[in-house]
Every structure is written in C-alpha cells, then in structure tokens.
2 protein chains.
Amino acid sequence: MPEARTSTPRERYRTQVRAEIKEHAWEQIATAGASALSLNAIAKRMGMSGPALYRYFDGRDELITELIRDAYRSQADAFRAAAGSGADLAGLAHALRAWALEDPQRYFLIHGTPVPGYHAPGDITEIAAETMTVIVDACAALASPGGTAGAFDAHLEDHRQWAGDHPAPSPVLHRALSFWSRLHGVLSLELAGQFTGMGFDPALLFEAELKDLIGP
Amino acid sequence: MPEARTSTPRERYRTQVRAEIKEHAWEQIATAGASALSLNAIAKRMGMSGPALYRYFDGRDELITELIRDAYRSQADAFRAAAGSGADLAGLAHALRAWALEDPQRYFLIHGTPVPGYHAPGDITEIAAETMTVIVDACAALASPGGTAGAFDAHLEDHRQWAGDHPAPSPVLHRALSFWSRLHGVLSLELAGQFTGMGFDPALLFEAELKDLIGP
DNA sequence: TAATGTTCGTGATAGCTTCTAACTGATTGT
DNA sequence: ACAATCAGTTAGAAGCTATCACGAACATTA
C-alpha cells in the first residue's frame with residue numbers, strides 16, 4: 001500500500017510531459033542551436049498541436065530560461081562531483097572540459113553570446129556563484145601563486161565581495177579568475193570550431209594553458 | 001568634367017542602398033542581437049516594403065554573412081592599423097579590446113556562439129588567417145618566451161601549417177595561440193557582462209592577463 | 001451516484017517573420 | 001523613340017509565437 005502520496009497522478013503526468021518537452025528542446029538545440037528552437041516543431045514531434053505546449057510553459061522565453069537553469073545546474077553538478085571525489089584544480093578543469101564537450105551547445109547556452117536585455121533570474125546567478133566558490137576553494141587548496149603581486153592583486157584586495165568574502169589572499173582570487181577566463185578562452189574557441197583545420201590538437205593547448213595556470 | 005566614370009549612377013545608387021541597409025542592420029544588431037535581425041523591420045525603417053530588400057541581398061543569410069565579412073575586415077583593419085603604427089604585442093591587445101568595446105555585438109558576431117551547420121565562405125577565413133599572421137609576427141618580434149618548452153611546443157613543431165609555416169620557433173606560435181585564447185577569454189566574459197556586479201574592474205584583469213602573457 | 005470544477009488538448013485567429021511571384025513604373029542604352 | 005533592364009509595389013505561401021474559445025476527459029465533492 002502506497003502511503004506517502006506526495007504527488008497526484010496528474011502532477012506526475014505534468015512533470016513528465018514538461019521533461020519530455022525539454023528533452024526535445026535539448027535535441028533541437030544540439031543540432032540547430034538555441035536560436036532555432038521552435039515550440040511548434042517540438043509539439044508536432046510529440047504528436048500534439050502547437051498551443052498545447054502553453055499549458056506547460058508560459059512561452060518560448062520561459063522554456064529557454066528553464067533550459068539555462070538546467071544547464072547551470074548540470075555544470076554545477078559536474079564541478080561538485082569532481083570536487084567531491086577529491087579532484088584538485090586540474091581535476092576541476094578536466095571535469096569542465098568533459099562537461100563542455102558532452103554538449104557544446106549547452107555550454108554556449110550559458111557561456112555564449114548574451115541576448116541584450118535578457119537578465120537571468122536570481123536563482124540562476126546563485127548557482128553560478130556557488131560554482132565560483134568551488135573554484136576558489138580549489139585554488140585556495142593549491143600552493144599559493146609565486147611571483148610578485150601585481151596591480152590587479154592589490155585591486156582585488158578591495159574588491160572581493162564576489163567571492164563571498166572568501167578568506168583566501170587576493171592572489172588566490174586572481175588565480176580563480178584566470179582559471180575561469182583562460183579555460184573559457186580555449187574551450188569556447190575549440191567548441192566554436194575555430195581550431196578545426198589548423199592542424200594542432202586543442203586538448204594539448206588546453207593542457208598547456210592549465211599547466212601554466214597551476215605551475216608558477 | 002568627370003573623366004574616369006568607373007561606375008554608373010545606377011551602380012552608385014545600388015551600393016548606396018546596400019550600405020544603408022547594412023547600417024540599419026548593425027544598429028539593430030547592436031541593440032537586440034543578431035538573432036533579432038529582421039529584414040522587414042529594416043525595410044520599414046527605410047520607408048519601403050519588405051520584399052524590396054531582396055533586390056539587394058539574396059536573403060537574411062546573405063546579409064548576415066556580409067555583416068560577418070565586414071566585422072572581420074574591421075577587426076583586421078584595427079590590427080593592421082595598430083601594427084602599422086609600430087605597436088608591439090601589448091599594443092595589439094589594447095587595439096583588440098578597444099575594437100571589441102566599440103561594439104560588443106559585432107565582436108560576438110564573429111567570436112560568439114556558432115550556428116551549427118554554418119560555414120563561413122573562404123574569403124572570410126582568409127581574412128582571419130591574415131589577422132593571425134599579424135599576431136604571430138608581433139609575437140616573433142618579442143623576446144622569446146622563457147621557461148622550459150612543454151609538450152605542446154613539441155606538438156606545435158609538427159603542426160605549424162596554420163601559421164603559414166611561419167619561420168618562428170614553436171614557443172612563439174604557442175604564445176600567439178595563448179594570446180588569442182586568453183584575451184578572448186577575458187574579453188568575451190567582460191562583454192557578456194559576466195563580471196558586472198562582481199565589483200572588480202575588468203580592464204585590470206585584462207591588463208594582468210596581458211602582463212602574464214608577455215612577461216615570462 | 002450525480003453534479004461540479006479543473007485541466008488538457010483542439011481549432012481558429014491575430015500578428016509577426018522570410019521569401020516567391022506577378023505586376024507597375026521609372027531609368028537606361030541603342 | 002523604342003525596347004530592355006531594374007526598382008519597387010502588392011499578393012500570397014509557409015513558418016513562427018501567442019491568445020482565445022470550445023469540447024472532452026479527469027478529479028472532487030455533495
């Protein structure tokens with residue numbers, strides 16, 4: 001006998017259909033990009049008429065926002081899983097690259113061209129901030145960066161609230177930002193196919209950037 | 001008396017209207033992004049009916065391709081102008097940043113999210129390759145990078161045709177790729193607004209990345 | 001059990017888009 | 001001056017988002 005009925009069959013059906021819609025949406029995004037996402041096409045592929053989807057999503061924008069939210073969550077999960085199993089900063093980097101290669105358009109959905117005027121809901125930026133914390137923690141666990149502290153380190157001393165006022169010294173925060181921006185640099189170029197036809201292996205450039213990041 | 005009439009009045013009119021169309025297109029892209037570019041809206045803003053534009057462009061795709069071409073040309077011009085007036089690698093970097101900040105959406109039009117299936121015409125990739133040459137030249141003019149040559153440098157030794165078989169040693173090519181990917185990393189994050197609300201000054205992060213790139 | 005309310009999916013419709021086709025009128029070259 | 005070319009028009013097909021009103025299936029309650 002089922003005792004804790006926390007959801008009615010209707011609710012289950014509803015969430016199931018919502019999930020199916022998102023599944024088709026991801027498929028469509030992966031093959032044609034987010035700008036080509038069509039509610040109508042999804043509905044037809046699910047065997048129902050266009051307006052039916054509006055029972056499940058307020059519109060195209062809400063669906064895309066939901067996909068963005070899922071993408072952020074998936075990325076955060078990948079980071080947490082890596083950090084949870086004892087990965088250091090290099091481990092995080094490899095987890096990020098694997099996650100990105102898994103679905104390039106998913107990566108671009110959150111790190112790609114921004115739509116002017118669009119602002120992500122608060123809960124999304126929260127997830128992003130949490131991800132950043134994982135990175136900063138991994139940077140703090142590393143041997144502190146050598147070399148002389150530059151102007152940016154001094155500047156970061158006074159502007160560290162983005163890291164939740166993490167107790168790490170500013171060169172650590174600096175390294176976290178470099179980690180983020182450099183890996184995003186190689187990854188986005190690789191995923192965009194800018195290296196195809198150039199001959200060299202993007203994985204090795206990624207590795208070289210990572211080594212340079214951790215080394216000194 | 002005008003002697004060398006290299007173009008008829010009709011041709012002049014044609015190119016003038018084409019330019020005006022592109023002008024409106026850029027305006028629209030800058031404010032709403034490339035995905036929101038509407039031929040119809042452009043036509044209306046120019047005081048004519050939608051289908052009239054098809055006399056000047058084969059369709060939306062050809063217009064966008066033309067804009068991409070112009071963007072690449074503009075970027076190449078910015079690099080050439082900087083290099084021509086004796087700028088070193090840091091000068092190129094600042095020229096790139098200034099060019100990007102001038103019109104973020106123009107930057108994303110060529111360095112942003114790729115549309116799956118779209119392939120740029122050959123002449124565009126030629127311009128891009130030429131730009132790369134300017135960067136490699138500037139890297140070659142710099143003191144050669146210190147530190148031990150890593151695995152990627154060895155790999156580049158055998159994969160250097162992308163640089164037009166530039167005679168520079170592979171650490172120089174390596175630096176050129178790092179230059180490209182790192183600056184793209186900070187720039188794209190800054191232009192995408194990922195740093196807004198974090199408090200620190202993106203220009204200083206850019207400068208720090210540049211210094212680290214040139215320094216050792 | 002019967003009546004009531006809620007939810008799902010439909011077709012119709014408005015308004016937008018790209019793009020083709022046929023037609024008018026002005027401009028150009030012979 | 002006449003014929004060919006070219007610019008721009010309206011009409012229309014096909015696609016999209018999104019809203020509305022309706023019927024049918026479901027759930028809940030009297």
Novice: Test: salt bridge (charged side-chain N to carboxylate O under 4.0 Å, His left out). Region: residues 37-51 of chain B. Which pairs qualify, not counting sequence neighbours?
Specialist: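 Found none.
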Novice: What integer distance in Å separates B:K44:NZ from D:dG8:P?
Specialist: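 Spelled out: NZ on B:K44 to P on D:dG8 is 17 Å.
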Novice: For the rings on B:H155 and A:F200, is their centre-to-centre separation under 6.0 Å?
Specialist: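 Centroid distance B:H155-A:F200: not below 6.0 Å, so no.
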Novice: Figure out the CD/P separation between B:E62 and C:dC19, and round it to whole Å.
Specialist: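 Value for this atom pair: 11 Å.
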Novice: Within this structure, what is the CG-to-C1' distance between A:L63 and D:dA18, rounded to whole angstrom?
Specialist: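 My rounded result for the distance is 14 Å.
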Novice: Scan for salt bridge (charged side-chain N to carboxylate O under 4.0 Å, His left out) pairs involving residues 31-40 of chain A, sequence neighbours excluded, and state none if there are none.
Specialist: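 Listed by first then second residue: nothing to list.
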Novice: Kindly state which residues belonging to residues 13-20 of chain A come within less than 4.0 angstrom of DNA chain C, counting heavy atoms of the residue only, listed by number.
Specialist: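 Result for residues 13-20 of chain A: A:Y13, A:R14, sorted by number.
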Novice: Whole angstroms only, please: what is the CE-C1' distance between B:M46 and D:dG8?
Specialist: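 These atoms are roughly 12 Å apart.
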Novice: Once side-chain contact (heavy atoms from CB on, under 4.5 Å) is applied, do any residues pair with A:A76, and if so which ones, sequence neighbours excluded?
Specialist: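 In terms of side-chain contact (heavy atoms from CB on, under 4.5 Å), with neighbours along the sequence ignored, A:A76 is linked to A:R80, A:I127, A:T131.
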Novice: B:H166: what forms a ring-ring contact (aromatic ring centres under 6.0 Å, His included) with it, not counting sequence neighbours?
Specialist: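 Residues passing ring-ring contact (aromatic ring centres under 6.0 Å, His included) with B:H166: none at all.
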Novice: A:A25: which residues meet the side-chain contact (heavy atoms from CB on, under 4.5 Å) condition with it, sequence neighbours left out?
Specialist: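 If we apply the side-chain contact (heavy atoms from CB on, under 4.5 Å) test to A:A25, skipping adjacent residues, the hits are A:L37, A:I42, A:L63, A:L67.
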Novice: Whole-Å distance between C:dG9 P and A:R10 CZ?
Specialist: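 My rounded result for the distance is 9 Å.
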Novice: Could you tabulate the donor-acceptor pairs under 3.5 Å formed by side-chain atoms of residues 103-117 of chain A, not counting sequence neighbours?
Specialist:
unit_1: A:D103; atom_1: OD1; unit_2: A:Q105; atom_2: N; d: 3.3
unit_1: A:D103; atom_1: OD1; unit_2: A:R106; atom_2: N; d: 3.3
unit_1: A:Q105; atom_1: NE2; unit_2: B:P114; atom_2: O; d: 3.4
unit_1: A:R106; atom_1: NH1; unit_2: A:S74; atom_2: OG; d: 3.3
unit_1: A:R106; atom_1: NH2; unit_2: A:W99; atom_2: O; d: 3.0
unit_1: A:R106; atom_1: NH2; unit_2: A:E102; atom_2: OE1; d: 3.1
unit_1: A:Y107; atom_1: OH; unit_2: A:H184; atom_2: ND1; d: 2.8
unit_1: A:H111; atom_1: NE2; unit_2: A:Q75; atom_2: NE2; d: 2.9
unit_1: A:T113; atom_1: OG1; unit_2: B:T113; atom_2: N; d: 2.9
unit_1: A:T113; atom_1: OG1; unit_2: B:T113; atom_2: OG1; d: 3.4

Novice: Counting only non-hydrogen atoms, which of residues 47-61 of chain A are less than 4.0 Å from DNA chain D?
Specialist: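 Only A:P51, A:Y54, A:G59, A:R60 qualify.
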Novice: Only counting residues at least two apart or in another chain, list the ones meeting side-chain contact (heavy atoms from CB on, under 4.5 Å) with A:D58.
Specialist: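 With sequence neighbours excluded, A:D58 shows a side-chain contact (heavy atoms from CB on, under 4.5 Å) to A:E62, given in chain and number order.
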Novice: If a pair satisfies salt bridge (charged side-chain N to carboxylate O under 4.0 Å, His left out) and one of its residues is in residues 176-196 of chain B, list it, with sequence neighbours excluded.
Specialist: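 Passing the test, one end in residues 176-196 of chain B: A:E209-B:R182, A:D212-B:R182, B:R97-B:E190, B:R182-B:D212.
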Novice: Tell me which residues in residues 22-43 of chain A lie within less than 4.0 Å of DNA chain C, going by non-hydrogen atoms.
Specialist: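 None, since no heavy atom is under 4.0 Å.
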Novice: Identify, with sequence neighbours excluded, every residue that meets side-chain contact (heavy atoms from CB on, under 4.5 Å) alongside A:D123.
Specialist: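 A:D123: side-chain contact (heavy atoms from CB on, under 4.5 Å) contacts with A:R69, A:P121.
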Novice: Tell me yes or no: between the side chains of A:T8 and A:Y13, is some donor less than 3.5 Å from an acceptor?
Specialist: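 Result is no, nothing qualifies.
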